[in-house]
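Here's the structure, in structure tokens; my notes come after.
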There are 2 protein chains.
Amino acid sequence: MTVLSPATAADRTGVSIDTLRYYEREGLIGPIRRSAGGRREYTEDDIFWIGLVTCFRDAGLGIADLREFVAILRSERSPQDRVAFLRERRAALEERVAALHRAMGVLDEKIAHYS
Amino acid sequence: MTVLSPATAADRTGVSIDTLRYYEREGLIGPIRRSAGGRREYTEDDIFWIGLVTCFRDAGLGIADLREFVAILRSERSPQDRVAFLRERRAALEERVAALHRAMGVLDEKIAHYS
DNA sequence: TCTTGACCTGGAGCGCGCTCCAGATCCGAG
DNA sequence: CTCGGATCTGGAGCGCGCTCCAGGTCAAGA
């Protein structure tokens, strides 16, 4: 099974090496397996997971939120608990969308005013 | 014409007094008129403008973005320039909405998986 | 073997957006 | 006139999310 060097992982995910290490320290990813010499070896699964993390980061979630998300998914919680947590997170994102829509409405108003 | 004290303005807008001063320093609002003694006197117009600013802040825009927004609206730019700027901002917000939708999609997938 | 460059760790530094503080001033109630 | 609460200013401090650095290790190529 092929593994990826830190540089390659960074390249593939669009996340800097420093940030990958940071995410690992913060418990958002990994722990990443190491080679005999102590270098990180990223698997495709790691890359996929990093993709999830960046997806949520891009959506504006904070590190603490992500950590909680990871903790829930890795925990032995019941499906019901997980679903409850996920729905709650979803609702928070919907509120963000609503805030965005409000701002876009203001913009539309201004645009209409100057058109 | 009635004016509002800093405390009242803070109360009305939900923005702390410190933050109102900060916004003023940064050029996002005001400059707010002062009383003979040097205290700020917020007008209803000021309150309205603060509402716009908080709307955009809630949508995740940064201070620099807001400053630019204010600068454009106050400048002597042509309506075309303003509309162009506003449309550009709107597109950026739409991209944020898209990022949010992507994250919500991931959440939905997980929810479906555990349901 | 030697060089070179990627990688390691721990910790410092940075920009953002506030938030708090000290010390002074203002002003309405008593 | 006095008192005390609200406000003023300039500047320090803080949490977040990286980003960078020093000093050392590892490993592939000449």
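Everything numeric here is computed off the predicted structure, so don't read it as measured data. Below, chain A is the first sequence line, B the second, and so on; all start at residue 1.
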| Heavy-atom contact window of chain B on DNA chain D, given 5' to 3' at under 4.0 Å | D/dA6 to D/dT9

| task | State whether A/Arg21 places a side-chain N or O below 4.0 Å from either non-bridging phosphate oxygen (OP1 or OP2) of C/dT9. | result | no

| said: Tell me whether A/Arg90 contacts the main-chain N or O of A/Phe85 through its side chain, where contact means a donor paired with an acceptor under 3.5 Å. | reply: no

| remark: Nearest-nucleotide check on DNA chain D, B/Arg40 vs A/Tyr23; residue mapping nearer the 5' end is B/Arg40

| query | Passes side-chain hydrogen bond (donor to acceptor under 3.5 Å, both in side chains), B/Thr8 versus B/Asp11? Steps please. | reply | CA-CA 5 Å; B/Thr8 310; B/Asp11 196 51; over 6 Å; no

| Rounded to whole angstroms, how far apart are OH on A/Tyr22 and C1' on C/dG10? | 15 Å

| B/Phe56 vs B/Leu28 side-chain heavy atoms within contact, under 4.5 Å | no

| query | Is any side-chain N of the basic residue among B/Glu94 and B/Arg87 closer than 4.0 Å to the acidic one's carboxylate O? | reply | no

| request: May I ask you to say whether B/Arg74 pairs ionically with B/Glu68, meaning some side-chain N is under 4.0 Å from a carboxylate O? | output: no

| remark: As a check of understanding: the bend across the helix from C/dT1-D/dA30 to C/dG30-D/dC1, end axes from five pairs, rounded to 10 degrees, works out to 10°

| message | Counting the atoms with a prime plus P, OP1 and OP2 as sugar-phosphate, which does B/Arg57 contact under 4.0 Å by heavy atoms, base, sugar-phosphate, or nothing? | response | sugar-phosphate

| So, do B/Arg34 and B/Arg40 sit near enough that their side-chain heavy atoms are less than 4.5 Å apart? | yes

| request: Could you check how far CD of A/Glu41 sits from C1' of C/dC8, rounded to whole Å? | output: 14 Å

| said: Looking at B/His101, I'd like to know if its NE2 atom is crowded, meaning that more than 12 non-hydrogen atoms belonging to other residues, nucleotides or ligands lie closer than 6.0 Å. | reply: yes

| Would you call A/Glu26-A/Arg67 a salt bridge at under 4.0 Å N-O? | yes

| Any Lys/Arg nitrogen of B/Arg33 or B/Asp46 sitting under 4.0 Å from an Asp/Glu carboxylate oxygen of the other? | no

| request: Would you kindly give the CG-to-P distance between A/Asp18 and C/dC7, to the nearest whole Å? | output: 11 Å

| In terms of the nearest nucleotide of DNA chain D, which residue is placed more toward the 5' end: B/Ala7 or B/Arg25? | B/Ala7

| task | Using atom types as modelled and distance alone, determine if a side-chain donor or acceptor of B/Asp58 lies under 3.5 Å from a backbone N or O of B/Cys55. | result | no

| request: Taking the side chain as every heavy atom from C-beta outward, state whether A/Leu93 and A/Leu61 have any pair of such atoms under 4.5 Å apart. | output: yes

Write down the protein N/O and nucleotide N/O pairs, taken from nucleotides 27-30 of chain C, whose separation is under 3.5 Å; answer none if there are no such pairs.
none

